[in-house]
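Take a look at the structure below.
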Amino acid sequence: MSETDDDLELAALQRQLDDAFQTTRPRAGFDDELWLRMQSRRPAPRRLGDALAGLMAGIRAVPIVPAGAIALILVLAFGVGLLARFSPRGGGGASTASQYAPAPNDQNAGAFGKVPTPAFGTGGKSAATPLTQQSAAGGSAGVQYVWTGKLNLGGTPAPVFRYNEPTSNAADQFATALGAVLSERPPGLLGKYSASDYTLTVQGTVQSPASSPAYFILSAADMPAIEAAGAGPADVATIFLAQHSLVPQWPYTTEVETSGDLVKVRYERQFTAGAYGPAYLVDVNGQRYGLEVDLSGNRPVLVSGLLPVNVDQANYTIISADDAVRAALAAGSPGGPKVTLDHAELVYVLVPAGDHSFYEPAILFTGSQTLNGQAVPRRVLVPAVDPSQRNP
C-alpha cells in the first residue's frame with residue numbers, strides 16, 4: 001500500500017472519529033440531571049468524587065486545587081471506544097485564581113455607578129464612626145480625638161470590588177468539591193452539609209452587621225489530629241487546609257493567638273489596592289479577618305473562612321488626607337477626654353447591597369486612650385470613596 005493510500009485511509013478514519021464526537025453528545029438536560037443526582041446521594045470514595053468534579057468542571061465552576069493538583073482522566077465511552085483529553089481540574093475547596101483575582105483595572109472611575117455608603121459600628125451610622133476594642137466601661141462616646149500622625153493618600157483612585165450574592169447552588173458546588181453532602185437548608189443559610197468527620201455550614205452575605213459570605217467546618221469527635229513532627233500551629237493549620245484544598249488564594253498575613261485551650265491561626269485577607277499596595281479587609285469594628293483555624297493541640301476543631309466568590313473591580317476617586325482627618329476628628333466631642341490617633345491606613349470594608357455587594361476602601365485611624373492608668377486601643381473608620389460617588 002502506498003504512502004498516499006495510507007494518508008487517505010487516515011483521513012477517512014479522522015472523519016469517522018469527528019462524526020462520533022458530533023453524534024455522542026449528552027441529551028438535553030443531562031447536565032442538570034447529573035448534578036441533581038450527585039446531590040441526592042452521598043459521594044463514593046474521594047477519587048470518584050474528584051472524577052465527577054472534573055467531569056462537571058466544563059459545566060460549572062468547581063474550584064481548582066492549588067499547588068500539587070492531581071490530573072484526572074476523563075473517559076468517554078463511544079461505540080468504538082475513545083479516550084477524551086485529560087482534564088487538570090481537581091475537587092478542591094479553594095477557588096480558582098480567576099475567582100479571587102480581580103478583573104483588569106477599569107480606567108473609568110465610578111464604572112459601577114454610585115456605590116452605597118458603608119455603615120460602621122452597631123449603630124449603622126454612615127459617617128466616620130468611633131470603634132472600640134474593650135469590654136470595660138469608658139466607651140468612645142464623648143471623647144475628643146486628636147490627630148498626631150501622618151497620612152498621605154496622594155489623590156490616586158483606589159479600586160472598589162463587587163461580587164454577586166452566592167446562591168444555594170454555588171454552596172452545593174463548594175460542598176461537593178470538599179466531599180460533603182447536603183443534609184438540610186436551615187433558614188438564613190445556603191446549606192448545611194455532612195462529611196465523614198465534620199459538618200459544613202455555608203451562609204451568604206449578612207446585611208447587618210455586615211458579614212461576608214462564609215463557610216464553617218465543625219469537626220466531629222473522631223477527626224484525627226495532624227501528624228507533623230516539629231510543626232507549629234501555623235504549619236498544622238496550613239497542612240489541614242492543604243489537605244482539604246482550602247489554602248487561601250488571596251494575599252494574606254498570618255497571626256497566631258492562644259485563647260484558653262485553643263490556638264487560633266488567622267489568615268488575614270488583603271486586597272491589592274493599586275498604588276496603595278496591600279490593604280487589609282476589616283469588619284465593622286476595624287478587626288482584620290479572612291480565614292481562621294482553631295486548634296486543640298494538633299487537632300482542628302473549627303475552621304471559618306470566606307466563601308469563594310467571583311469579583312470585579314472598578315477604580316473610584318477617594319477623599320483627600322485632610323478630609324479623612326477632619327472626618328475622623330469630627331467623630332469625637334470637643335471638651336471630652338482626649339484620645340490620641342497616631343496611625344492611619346487604607347483598608348477594605350464590606351458594604352452589602354442586596355443581590356450584589358461591595359468591598360470598598362476606607363481609612364482606619366488607630367490610637368489609644370488612657371483609662372485607669374492603662375492604654376486602651378481606639379479606632380475610627382472613615383469611608384474613603386469620594387462622597388460624590390456614593391449614595392447617602
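Values below: every heavy atom of this structure, side chains too, minus hydrogens, waters and symmetry copies.
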Checklist entry - Is it the case that more than 12 heavy atoms not belonging to Asp261 sit under 6.0 Å from its CG atom? => result no

Next on the checklist: Under 4.5 Å between side-chain heavy atoms, counting indirect links through other Ile/Leu/Val/Met/Phe/Trp/Tyr residues: same cluster for Leu329 and Leu153 or not?
Outcome noted: yes

Item to check | Electrostatic pair Arg266-Glu292, nearest N-O below 4.0 angstrom | outcome: yes

Checklist entry - Would Asp323 and Val382 count as a side chain to side chain contact (heavy atoms under 4.5 Å, CB included) if you check the C-alpha gap in whole Å, the side-chain angles of each, and the deciding distance to 0.1 Å? => result CA-CA 10 Å; Asp323 286 342; Val382 175; over 6 Å; no

Checklist entry - Taking the side chain from Thr167 and the backbone from Ala170, do they hold a donor-acceptor pair closer than 3.5 Å? => result yes

Item to check | Tyr215 and Phe174 aromatic centres sub-6.0 Å | outcome: yes

Checklist outcome for this item: Taking every heavy atom of Thr205 against every heavy atom of Ser357, the minimum-distance pair comes out as CG2-OG, 4.0 Å

Checklist entry - Strictly by modelled atom types, are Tyr267 and Thr253 linked by a side-chain donor-acceptor pair under 3.5 Å? => result no

Item to check | Check: Tyr145 ring centroid to Phe365 ring centroid under 6.0 Å | outcome: no

Next on the checklist: In the structure I gave you, are the side-chain heavy atoms of Leu381 and Val347 within less than 4.5 Å of one another anywhere?
Outcome noted: yes

Next on the checklist: Can you confirm whether Glu360 sits close enough to Val115 that some side-chain heavy atom of one is under 4.5 Å from a side-chain heavy atom of the other?
Outcome noted: yes

Item to check | Heavy-atom side-chain proximity of Val247 to Phe240 below 4.5 angstrom | outcome: no

Next on the checklist: Would you say Ser388 and Asp386 are linked by a side-chain donor-acceptor pair, where the criterion is simply a distance under 3.5 Å?
Outcome noted: yes

Checklist entry - What are the two closest heavy atoms between Ala324 and Leu151, and how far apart are they? => result CB-CD2, 4.1 Å

Item to check | Heavy-atom closest pair, residues Arg390 and Lys114 | outcome: O-CD, 4.0 Å

Checklist entry - How about Pro377 and Ser368: do any of their side-chain heavy atoms sit closer than 4.5 Å? => result no

Next on the checklist: Apply side chain to side chain contact (heavy atoms under 4.5 Å, CB included) to residues Ser168 and Arg185 and explain how you reach the verdict.
Outcome noted: CA-CA 9 Å; Ser168 57; Arg185 296 199 195 277; 3.4 Å; yes

Checklist entry - Any donor and acceptor pair, going by atom type alone, linking the side chain of Gln369 with main-chain N or O of Thr340 inside 3.5 Å? => result no

Checklist entry - Taking Ser333 for the side chain and Gly336 for the main chain, is one N or O donor matched with an acceptor at less than 3.5 Å? => result no

Checklist entry - Looking only at atom types and distance, does a side-chain atom of Tyr198 sit under 3.5 Å from a main-chain N or O of Met223, one as donor and one as acceptor? => result no

Checklist entry - Is the closest basic N to carboxylate O distance between Arg299 and Asp294 below 4.0 Å? => result no

Item to check | Leu281 and Leu306, any side-chain heavy atoms less than 4.5 Å apart | outcome: yes

Next on the checklist: Could you walk me through whether Val265 and Thr238 satisfy the side chain to side chain contact (heavy atoms under 4.5 Å, CB included) test, starting with their C-alpha distance in whole Å, then the side-chain angles of each, then the deciding distance to 0.1 Å, before giving a yes or no?
Outcome noted: CA-CA 9 Å; Val265 181; Thr238 301; 6.0 Å; no

Next on the checklist: Please say yes or no: joined through hydrophobic side-chain contacts below 4.5 Å, possibly via intermediate residues, are Val301 and Ile217 part of one cluster?
Outcome noted: no

Next on the checklist: So if I apply the ring pair (Phe, Tyr, Trp, His ring centres under 6.0 Å) rule between Tyr359 and each of Tyr163, Phe161, Phe112, which one comes out positive?
Outcome noted: Tyr163

Checklist entry - Does NZ or CZ of Arg269 come closer than 6.0 Å to the centre of the six-membered ring of Tyr252, within 45° of the ring's axis? => result no

Checklist entry - In this structure, are over 12 heavy atoms from other groups packed under 6.0 Å from Gln374 atom CD? => result no

Next on the checklist: Quick one, Ile226 and Pro300 - any side-chain contact, counting heavy atoms below 4.5 Å?
Outcome noted: yes

Checklist entry - Gln144 versus Pro337: any side-chain heavy-atom pair under 4.5 Å? => result no

Checklist entry - When clusters are formed by joining ILVMFWY residues with side-chain heavy atoms under 4.5 Å apart, either directly or through shared neighbours, do Val181 and Phe216 land in the same one? => result no

Checklist entry - What residue among Asp172, Thr199, Thr201 forms side chain to side chain contact (heavy atoms under 4.5 Å, CB included) with Tyr193? => result Asp172

Checklist entry - Are the ring centres of Phe271 and Tyr348 closer than 6.0 Å? => result yes

Checklist entry - Which pair of non-hydrogen atoms, one from Ala273 and one from Ala279, has the smallest distance, and what is that distance? => result CB-CB, 4.1 Å

Checklist entry - Side chains of Leu189 and Val202: closer than 4.5 Å at any heavy-atom pair? => result no

Checklist entry - Are Leu246 and Val256 linked, directly or through other ILVMFWY residues, by side chains that come within less than 4.5 angstrom of each other? => result yes

Checklist outcome for this item: Heavy atoms of Ala275 and Thr156 approach each other most closely as CB-CG2, 4.0 Å

Checklist entry - What are the two closest non-hydrogen atoms of Asn315 and Pro157, and how far apart are they? => result CB-CB, 4.1 Å

Checklist entry - Hey, are Tyr289 and Ser304 close enough side-chain-wise for a donor-acceptor pair under 3.5 Å? => result no

Next on the checklist: Would Val385 and Thr317 count as a side chain to side chain contact (heavy atoms under 4.5 Å, CB included) here? Give the steps.
Outcome noted: CA-CA 6 Å; Val385 175; Thr317 303; over 6 Å; no

Next on the checklist: Same cluster or not: Val380 versus Trp147, using hydrophobic residues (I, L, V, M, F, W, Y) connected whenever any side-chain heavy atoms lie under 4.5 Å apart?
Outcome noted: yes

